[in-house]
Amino acid sequence: MSVDMPDSLDRYSRQVRFPALGEAGQLKLLASRVTICGCGALGTVLTNHLVRAGVGRVRLVDRDFIETHNLQRQILFDEQDVADNLPKAEAAARKLRLINSAVTIEPVVTDIDHTNILDLVGDADLILDGTDNFETRYLINDAAVKLGKPWIFGGVIGSEGQTMTIVPGKTPCIRCLIEDSPPPGMTPTCETAGVLGPAVAVIASFEAIEAIKLLSGARDALNTELIMVDVWDWTFRRLKVAGLLGKVDCPCCQRRRFEWLDGTLGSHTTTLCGRNAVQVATRRPEPLNFAELALRLAPLGEVRQNAFMLRFGTEGYEFTVFPDGRAIIKGTNDIAKARTLYAQFVGS
Amino acid sequence: MAVVRIPTPLRPHSGGHDRIEAQGATVGEVLGRVGETYPALRERIFDGGDLRRFVNVYVNNEDIRYLDDLKTAVGEEDEVSIIPAVAGG
């Protein structure tokens, strides 16, 4: 350690020596508070970086338990966590406390929805996207714009990913960029198209470095573009999106209609008592394309369909999906699990 | 001729091509030509005469919504990119 660095900063000495961060930046990191929404592939890499870097308070929110097929890319988990049937947020918190006991880690095992998101992000300096679906991203976006808080978007599929830093009032928001989420079945999910661990790690690392800049006060160094990376064919693109701010008639950041936050848009999920099934009712402006959905699901399990419903079985669950986007998922009574399955196999 | 870059998820509908050359003076004309050859691709990009709301189109690295939308001029050397939303993580 250098002679003039306080002992408490010693563990961060290698990043403190990076001039653009410095001791002043490190002290700001230590005093910062973030909420990480989702603790899967993106979330574990993100939180690993931020806890090691000394972000003072980290709230980790996730609705899921760990499964063996998560271990390929969700870097904070191991086989024992699967055997112990631990929720992701809790297992991650246990690892992270061993990594840096100076950071306050608050695991929250819950399904983020319009009723709880303001409580989960209200005290955060920054919100980070570790989710795997657009429904939660639109909720985060509504909450962030309403509260005037920055958030960082990240999404990955296969070998490619996107990220964008959203500072309300200064950059376009996610609904300026993508006004409506793709209807279920129209775009691939990690379950249907696969995903590579290193691709997720690249995007999560970009989110983490943006978080470090933002929290340490280096706002001039923030990304103002939509970054796109494909780690398989080595493409890296920076798409100019700044011009969208104020140019598109954004329902969220221009008209300040928070349709996801007020529950106008989004899913309404209920257990079907005594049936070991959950109904996921997603409100959609246009009907589902069954042919498209069947094409994606066919490699993963048996698909049967008629004009009124599509039925699909995989991993011990049976999905019955209706044209309006509603689905009944048999094989679970757990709402959070059902929403996860819906996002994974039908799409968000 | 301008080149249209096709993102991975749409390549099953473009005969596997990641780049397609097409004639046209505007984004609308160029994408129209591509859509004539690959109707299934057109279906995924357009809803009637408008772009679908989860698909964005860029000329080089500029979003056409702050240019002239589908009327945005396209030169011989320009690249038109279809950028879909990426959901996973």
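Naming convention: chains lettered A, B, ... in sequence-line order (proteins, then strands); numbering from 1 in each chain.
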Donor-acceptor side-chain pairing of B:Asn61 and A:Arg237 below 3.5 angstrom: yes

So, for A:Ile178 and B:Ala85, which heavy atoms are closest and what is the spacing to 0.1 Å? CD1-CB, 3.8 Å

How close do B:Pro9 and A:Glu160 get, heavy atom to heavy atom, and via which atoms? CD-OE2, 3.9 Å

Would a 4.5 Å heavy-atom cut-off, applied to side chains only, mark A:Lys240 and B:Asp63 as touching? no

Select one option (side chain, backbone, both, neither) describing which atoms of B:Ile83 are under 4.5 Å from chain A's heavy atoms. side chain

If I measure from the heavy atoms of chain A, does B:Asn60 come under 4.5 Å with its side chain, its backbone, both, or neither? backbone

I need the residue from A:Leu177, A:Val248, A:Asp230 with the largest number of non-hydrogen atom pairs under 4.5 Å to chain B. A:Leu177

Contacting region of A:Arg238 [heavy-atom separation from chain B under 4.5 Å]: backbone

Heavy-atom distance under 4.5 Å between the side chains of B:Arg65 and A:Val241, does that happen here? no

Segment of A:Thr235 engaging chain B (4.5 angstrom heavy-atom cut-off): side chain

Side chain to side chain contact (heavy atoms under 4.5 Å, CB included) between A:Asp180 and B:Phe54, intermediate numbers included: CA-CA 6 Å; A:Asp180 281 334; B:Phe54 55 88; 5.6 Å; no

Min side-chain heavy-atom separation B:Val86-A:Phe134 under 4.5 Å: no

Quick check on the interface: out of A:Val195, A:Thr131, A:Asp129, who has the most heavy-atom pairs with chain B under 4.5 Å? A:Thr131

Can you say whether A:Ala41 sits under 4.5 Å from chain B via the side chain, the backbone, both, or neither, judging by heavy atoms? both

Give a yes or no answer on whether the side chain of A:Arg73 reaches the backbone of B:Gly89 with a donor-acceptor pair at less than 3.5 Å. no

Under 4.5 Å from any heavy atom of chain A - which part of B:Asn56: side chain

